[in-house]
Amino acid sequence: MQTTDIFKPHGPLDSLVSDYVYRQKQEEAVQNITASKTKHVIIEAGTGSGKTFQNCIGSLLSVNKCNPLLLYVTSSKVLQDQLKQKDLPLIQQLFEHPDMADYGMEHLTYGILKGINNYLCKLKFFDKSNGKTVEAFTNPKDDVGILSEMLSDKEKSELSCSSEECLGKNCPFYSECFYYINKDRVANCNIIVLNYHLFFASLLHGAFIVDPEKVDAVVFDESQNASKILRSFTEETMDYKRIDYMLKLFPEHTKVFDMCKDVLSDVQINEFKTWCWQEWACYLTDIRNIVDRLDMAIRDVSAMMEATSGLFRSKLKWKKSRLNGFRKVWWLIAEFINLTDADIKLNYFFYSEKSAEISFCTIDLTDNFRSIYDGFSNAFFLHSSATLFVGDKPDFYMQQAGIESETATCFIYPAIFDYNKQCSAYVLNLNPKENGLSMMPVIEYALETFGGKTLVLCTSIKAMKYYYEQFDNALCQTIHSKDEILETLRNPNNDKIVFATRSFFEGIDVKGEGLSCLIIDKLPFLQPNDPLVKGWEHTFGGSFMELSLPDMILLLKQGFGRLIRHETDCGIFILGDNRVFKARYGSLIRKSLPVDLILVDVEMLSSLTSD
């Protein structure tokens with residue numbers, strides 16, 4: 001069977017999917033994936049284009065072997081569950097279809113693996129169970145010991161084990177551990193679904209689920225998140241709060257933590273300039289003394305671990321990991337005092353008036369990503385999302401992900417929705433720098449017009465809380481649970497206004513008239529004093545056009561994508577920021593969004609939308 005026949009009406013995919021809709025662009029994307037010969041394939045495919053089928057089928061056909069090994073990496077546990085429950089069973093059935101026999105993949109298997117803290121820890125269970133059975137704490141729909149969503153965060157913490165606590169083969173329950181049993185089972189599957197945190201953590205700690213050299217293809221789904229998550233593994237911070245936390249854990253080592261506070265206090269008093277590590281030279285002896293004392297504390301905990309076992313040993317292992325992480329920051333400070341600016345590719349530190357904070361982070365992830373790509377020497381990488389291109393170019397994403405242009409083939413496919421018919425999109429003639437919290441009339445208009453059914457995405461927590469406090473019939477991200485908010489937005493009779501910030505710009509899927517109006521208060525730029533922005537400026541010179549603008553555009557595209565999720569959806573989009581039309585970079589923003597924007601004065605909005 002030809003690739004094109006798989007997707008055609010009355011083809012094998014149509015026979016399996018009850019509400020199947022033939023999409024020519026999906027078919028074209030799969031053809032382009034299979035035809036590409038580069039290490040990387042980058043595809044932006046709009047909302048509703050069937051990216052999961054496109055990614056899985058395209059990758060499997062490109063590998064074209066009877067026993068393939070595909071890693072599918074996505075951004076959240078929710079998406080992992082969706083793949084397991086909905087998409088992968090259909091893909092498995094597709095390759096079992098008689099018409100697909102020529103591909104020889106009729107015995108495909110799949111499995112998902114989550115982080116160890118999602119599974120019931122039997123060592124803790126027997127300490128906390130109070131006579132209850134395992135089934136009382138685990139998901140009844142799952143047979144691998146996943147903790148129940150009905151448990152509180154506190155209960156989950158008491159019954160799960162972090163990687164820092166896990167005793168591995170030294171645990172008396174290792175042979176019956178839910179996590180390791182599932183890990184061994186999934187390692188033998190053809191399609192393995194991971195989230196980014198687990199993918200990167202496993203690689204960085206040298207405990208990957210399979211041999212990377214045996215992997216045929218890696219799919220980075222929602223790949224705009226990959227660099228942010230990888231960067232989080234390089235971040236280290238030292239401040240008074242962390243020192244006080246360590247003091248509570250190790251009161252017997254008060255002296256060394258007091259020494260840490262003395263250093264931060266002097267830094268604050270002397271107002272050292274950012275990046276001037278040479279000014280820290282007077283503290284080098286003190287900092288090395290801190291590191292030595294922390295080494296002694298770590299040896300003490302290690303000796304105690306050797307003399308014990310079971311749950312107490314697990315707790316000591318966790319405390320030791322905290323000491324190791326704390327020591328690492330002070331060791332880094334000592335290392336960087338003698339470095340020149342040319343040597344520092346990955347660091348920044350900054351102050352506030354009330355406290356000193358020292359932060360380390362890898363600004364340029366090129367080497368980190370290329371090391372990962374090289375480790376999967378026999379695999380190609382498929383990077384897929386609805387938001388990878390700024391304008392018509394993926395350059396920003398490629399720079400963030402360490403991809404050289406000659407190693408990549410890039411494609412962009414528009415969304416299947418007719419946005420100009422399904423929604424009206426307005427930009428208010430407001431300058432956010434001059435008007436501050438100026439969206440109240442617009443939110444009041446939305447409440448009056450739609451009776452609720454509105455999501456307001458704010459670019460600051462301050463703005464979100466201010467607007468929320470002005471309304472009785474409202475929900476707020478920091479006060480109400482995400483499940484409650486999503487249930488409200490999915491209710492066609494929704495009479496609420498929901499206020500949220502950056503985390504709601506992506507990753508939520510709400511279809512139907514329960515969300516009929518989307519308001520974004522202003523362009524979601526990174527703050528100028530954001531450590532990443534400061535670090536970028538120091539490392540590369542400029543930061544606005546190279547970092548802040550493309551980062552904002554991709555996030556704005558994600559935010560806009562919350563409104564229209566189905567062919568039958570319709571609504572109004574309102575952005576309270578006239579820089580889209582009046583700033584020199586406005587044309588690039590307008591080019592990047594899939595809808596025509598109209599600049600209006602606030603007082604004209606009601607007359608325009610009533611037509």
Side-chain angles (χ1 to χ4, degrees), residues 115-117 121 157 160-168 170 196-208 228-264 267 277 280 283-284 286-306 312-337 339 344-350 355-363 365 368 371 531-532 535:
I116 192 170
N117 61 326
C121 170
S157 175
S160 66
C161 176
S162 67
S163 58
E164 292 92 349
E165 297 171 279
C166 179
L167 299 176
N170 291 318
Y196 282 112
H197 284 94
L198 181 58
F199 177 82
F200 290 132
S202 300
L203 284 174
L204 293 171
H205 296 149
F208 203 65
K228 296 174 185 176
I229 296 173
L230 179 57
R231 183 173 284 114
S232 71
F233 283 93
T234 74
E235 293 173 350
E236 296 288 350
T237 300
M238 183 58 60
D239 56 14
Y240 290 121
K241 184 177 179 180
R242 184 170 184 181
I243 296 171
D244 287 336
Y245 172 74
M246 294 298 292
L247 185 55
K248 290 180 180 178
L249 282 180
F250 301 95
E252 66 274 23
H253 297 291
T254 300
K255 186 171 182 178
V256 67
F257 299 125
D258 286 343
M259 292 170 64
C260 297
K261 287 185 177 182
D262 289 342
V263 171
L264 287 190
V267 167
W277 292 99
W280 289 60
Y283 298 111
L284 186 56
D286 289 338
I287 293 170
R288 285 177 174 166
N289 194 11
I290 288 171
V291 174
D292 289 342
R293 287 177 175 271
L294 290 170
D295 283 336
M296 292 174 61
I298 291 168
R299 286 195 292 270
D300 290 344
V301 177
S302 297
M304 293 174 65
M305 285 180 61
E306 291 300 319
F312 187 61
R313 182 182 176 120
S314 174
K315 291 177 180 178
L316 287 174
K317 184 174 182 286
W318 175 82
K319 291 180 72 173
K320 180 181 175 181
S321 74
R322 292 296 181 267
L323 270 175
N324 279 325
F326 191 84
R327 176 202 178 276
K328 179 181 178 182
V329 180
W330 290 101
W331 177 83
L332 281 171
I333 295 171
E335 288 291 300
F336 282 100
I337 285 175
L339 293 181
I344 301 174
K345 286 180 63 179
L346 36 121
N347 313 284
Y348 55 77
F349 76 92
F350 61 100
S355 64
E357 179 174 281
I358 308 168
S359 298
F360 295 85
C361 171
T362 299
I363 303 300
L365 292 168
N368 304 64
S371 175
L532 179 58

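- No donor-acceptor pair under 3.5 Å is formed between the side chain of K320 and the backbone N or O of I298.
- The two residues R231 and T362 come nearest to each other via the heavy atoms NE-O, 3.0 Å.
- In this structure, R288 contributes its side chain and A334 its backbone to no donor-acceptor pair below 3.5 Å.
- Heavy atoms of other residues, nucleotides or ligands lying less than 6.0 angstrom from NZ of K241 number 12 at most.
- Here the side chains of D262 and D286 are not in contact, with every heavy-atom distance at 4.5 Å or above.
- Ring orientation note: the planes of F326 and F257 are nearly perpendicular, at an angle over 60° on the 30°/60° scale.
- Note that the CG atom of L323 and the CG atom of L316 stand 11.0 Å from one another [nearest 0.5 Å].
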Apply side chain to side chain contact (heavy atoms under 4.5 Å, CB included) to R293 and N289, showing your working.
CA-CA 6 Å; R293 287 177 175 271; N289 194 11; 3.8 Å; yes
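- Below 30°, between 30° and 60°, or above 60°: for F233 and F200 the angle between ring planes is above 60°, a perpendicular geometry.
- Put simply, OG on S302 and CG on N324 are 7.5 Å apart, with the number rounded to the nearest 0.5 Å.
- Checked against side-chain hydrogen bond (donor to acceptor under 3.5 Å, both in side chains), D295 has the following partners two or more places apart in sequence or in another chain: R327.
- Distance alone, capped at 3.5 Å, places no donor-acceptor pair between the R313 side chain and the E306 backbone.
- The nearest pair of heavy atoms linking S163 to I116 is N-CG2, 3.6 Å.
- Listed by first then second residue, pairs satisfying side chain to side chain donor-acceptor pair (under 3.5 Å) with a partner in residues 243-259 read D244-K261, not counting sequence neighbours.
- Once rounded to the nearest 0.5 Å, the distance linking NZ of K328 with CE of M238 reads 11.5 Å.
- L332 CG to I287 CD1: the interatomic distance, rounded to the nearest 0.5 Å, is 11.0 Å.
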Derivation of the side chain to side chain contact (heavy atoms under 4.5 Å, CB included) call for K228 and Y196:
CA-CA 10 Å; K228 296 174 185 176; Y196 282 112; over 6 Å; no
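- With sequence neighbours excluded, the residues satisfying ring-ring contact (aromatic ring centres under 6.0 Å, His included) with F199 are F208, F220, F376.
- Atoms OG and NE2, from S202 and H197 in turn, are 12.0 Å apart once rounded to the nearest 0.5 Å.
- The minimum heavy-atom distance between F250 and K319, with the atom names listed, is CZ-O, 3.4 Å.
- Between the CG atom in N117 and the CG atom in L198 there is a gap of 9.5 Å [rounded to 0.5 Å].
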Evaluation steps, side chain to side chain contact (heavy atoms under 4.5 Å, CB included), between I333 and I290:
CA-CA 11 Å; I333 295 171; I290 288 171; over 6 Å; no
